[in-house]
Amino acid sequence: MLRALADCNNFFASCERALNPALIGVPIVVLSNNDGCVIARSSEAKLLGIPMGAPFFQVRRVCEAHSVKVFSSNFSVYGDFSERVMEVLAKQARDFESYSIDEAFLGFPDMPEADARALGHRIRNDVLLTTGISVSIGMGATKVLCKLANERAKSDAESGGVIVVPSSPAGREEFLKGVKTRDIWGVGKGLATRLRGHGILSAQDLAEADPAFIRRLAGVVGERIALELRGIPCHEIIENAEARKSIMVSRSFGRPVSDFIDLSEAIATHAVRAAEKLRQENLATSTVTVFFGTNRFQKEAEQYGTSETEEIDFLTDDLGVIGAMAQRALKRVFKEGYFYKKAGVILTELSSKDVVQETLPGLGTAVPSSRNRLMKAVDTINAKLGKEMVRPASTGFERKWKSKSEQLSENSQTQEKVLPKTNGVPKRRIRFHE
DNA sequence: TCTGGGGTCCTAGGACCC
DNA sequence: TCTGGGGTCCTAGGACCC
């Protein structure tokens, strides 16, 4: 079966540009939370040599010198663009898997290879016209081949944004010879080093290697990659994403904190947000993990970091219960005398709330319905009036530890705008900062 | 001065059981 | 010198990805 990977080009930067066409041709970078690292670059910014993942303070001068537009990330906006792109892509193929915020796998049973290129260009045009976002299309027999084709489509200007890996052994070999193992999807630094030790340098070397040998060297993960390179699918296109297994909320602090009360407020804040996500997805949990740590980049400073888990014997989505569990865990492992840089909360052992109510009728006594109504009220108010409009006092008032988002606050005027429409269907209104 | 956040999967090894 | 052999389950940590 012919498969494809559609991957948005410079996604976050493209979103900012789609919102503000005056930015066309201007170098753009988008920063991570806390304005820490570069997580997206327009092609102009890439040409300036600004690396992906670079700490912003290391590239600030280059940005200033070349008038690079710098944005704090605005994930609610990127999420809206993502929905729009996915909507268009999902219509193009029988099989569809939204793989990440800016990528989707498509499956085309019965599609002749000869028609693949033209199909790819049609999809590209369709997404560009309806969303303003440019995507690259990589096509082949397996997901791993699609990934490689996609990378080539992005880097090879002559491809017009579409590359098909031929299914003929000779054509595939020609393609794979020019690909370094480290550039294969699923081959990280560790595996690439091990492969190199055995003379496996290119994707073609890996495809040709004895699968049993690769299995010993790199486990089932490596073996599957090798088979996929040969055109044998090991990873199907998964239509219905399985229920997620964990929810994590974590942030670095805007400045180091050492007081218990500050850490406690941050943990409370993250627990509230995690519980909110839980309710949005109609899930419930019995297990809460908190973690926190000092700044690992400050080598000379004394380091401490840990995680601690608290369990209960029923399932809940109540921010009060989850918040209290997080605080109990924190109190057990907090240590005085360190400068902490980051903290977070993880919820695991997730179940559907419907299942909970069906299979555990006794839950009605564990979670009073008045609490359910309270959670609904909190969610409704915050959805209507803005994030954190209602929150527990335990999340703090002064909140000196909050992340910074300097590039956002620089233009703190919030405006309402409407994204472009498809098929006359109005999209929900979004808030964002210009 | 300043270094993100949120996931998944696999494996090895220990605990425990028969 | 000699001290079974398999299983399963769970967990921590590593590796990788976007």
Side-chain angles (χ1 to χ4, degrees), chain A residues 5-12 29-40 50-61 63 70-75 78-79 82 97-105 143-144 147 150-151 181-195 215-225 234-235 238 241-256 266 270 273-274 277 281 287 289 291 293-299 301 305-309 311 339 341-350 403-407:
Chain A
L5 173 68
D7 189 322
C8 299
N9 299 333
N10 316 328
F11 183 54
F12 301 156
V29 303
V30 178
L31 303 181
S32 64
N33 267 334
N34 216 22
D35 293 339
C37 297
V38 174
I39 56 169
I50 299 169
M52 179 66 171
F56 181 57
F57 71 88
Q58 287 176 1
V59 297
R60 171 173 265 144
R61 295 191 37 201
C63 290
V70 178
F71 293 88
S72 295
S73 44
N74 195 336
F75 279 96
Y78 308 151
S82 175
E97 176 185 351
S98 160
Y99 177 71
S100 77
I101 193 166
D102 71 336
E103 296 166 276
F105 285 104
K143 283 183 164 181
V144 167
K147 267 278 181 188
N150 196 290
E151 280 173 40
T181 49
R182 182 63 181 85
D183 295 332
I184 301 168
W185 189 41
V187 177
K189 213 171 137 192
L191 184 49
T193 307
R194 246 175 302 151
L195 291 171
R215 176 151 194 154
R216 263 179 280 125
L217 189 69
V220 289
V221 177
E223 187 186 22
R224 283 178 196 150
I225 294 169
C234 301
H235 301 289
I238 302 160
E242 288 188 26
R244 69 149 115 198
K245 293 171 178 162
S246 66
I247 290 175
M248 169 155 80
V249 177
S250 72
R251 290 288 179 277
S252 295
F253 301 130
R255 62 179 82 168
H270 300 334
R273 174 68 186 129
K277 285 190 186 182
E281 302 190 26
T287 306
T289 300
F291 65 92
T294 48
N295 188 344
R296 65 185 200 282
F297 294 105
Q298 228 139 53
K299 299 273 191 265
T306 190
S307 70
E308 175 72 5
T309 298
E311 287 175 66
F339 286 101
K341 183 61 179 148
K342 178 175 176 167
V345 170
I346 308 171
L347 310 180
T348 48
E349 305 297 315
L350 309 181
S403 296
K404 49 188 174 186
S405 274
E406 289 166 5
Q407 319 303 323

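None of the values given here were measured: they were computed from a predicted structure. Both backbone and side-chain heavy atoms feed into the values below; hydrogens, waters and symmetry mates do not. So you know, we letter chains A, B, ... as the sequences are listed, proteins then strands, and number each from 1.
Taking for each of A/Lys245 and A/Val249 the nucleotide of DNA chain B with the nearest heavy atom, the 5'-most of the two is the partner of A/Val249. Between A/Arg224 and A/Gln298, the one whose closest nucleotide on DNA chain B sits nearer the 5' end is A/Gln298.
A nucleotide of DNA chain C counts as in contact with chain A when one of its atoms lies under 4.0 Å from a heavy atom; the first and last such, 5' to 3', are C/dC16 to C/dC18.
B/dC2 sits 30 Å from C/dC18 when the P atoms are compared, rounded to a whole Å.
Not one N or O on the side chain of A/Arg224 forms a donor-acceptor pair closer than 3.5 Å with the backbone of A/His235. Side chain of A/Asp102 to main chain of A/Phe11: no donor-acceptor pair is present (N/O by atom type, distance under 3.5 Å, no hydrogens or angles). No side-chain donor-acceptor contact under 3.5 Å links A/Ser32 to the backbone of A/Ile39. Using a distance-only test at 3.5 Å, with no hydrogens or angles considered, no donor-acceptor pair links the side chain of A/Thr294 to the main chain of A/Phe339. Although no hydrogens or angles enter the test, the distance criterion places a donor-acceptor pair under 3.5 Å between the side chain of A/Ser73 and the main chain of A/Leu31.
No contact: A/Ile346 has no heavy atom under 4.0 Å from any strand. Residue contacts shown for A/Ser403 are absent, as no nucleic acid heavy atom lies under 4.0 Å away. A/Asn34 comes within 4.0 angstrom of no nucleic acid atom, judged by non-hydrogen atoms across all strands. Here A/Ile101 lies out of heavy-atom contact (under 4.0 Å) with every strand.
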Exercise for the section: Check the pair A/Arg215, A/Val220 against side chain to side chain contact (heavy atoms under 4.5 Å, CB included), reporting the backbone distance first and the verdict last. Expected result: CA-CA 6 Å; A/Arg215 176 151 194 154; A/Val220 289; 2.8 Å; yes

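The two atoms that bring A/Ala192 and A/Arg182 nearest to each other are CB-CD, 3.8 Å, heavy atoms only.
Between A/Phe12 and A/Tyr78, the ring-plane angle classifies as parallel under the 30° and 60° cut-offs.
Looking at DNA chain B, the stems built from 3 or more consecutive Watson-Crick or G-U wobble pairs, each pair with its key distances under 3.5 Å, are B:5-18 with C:5-18.
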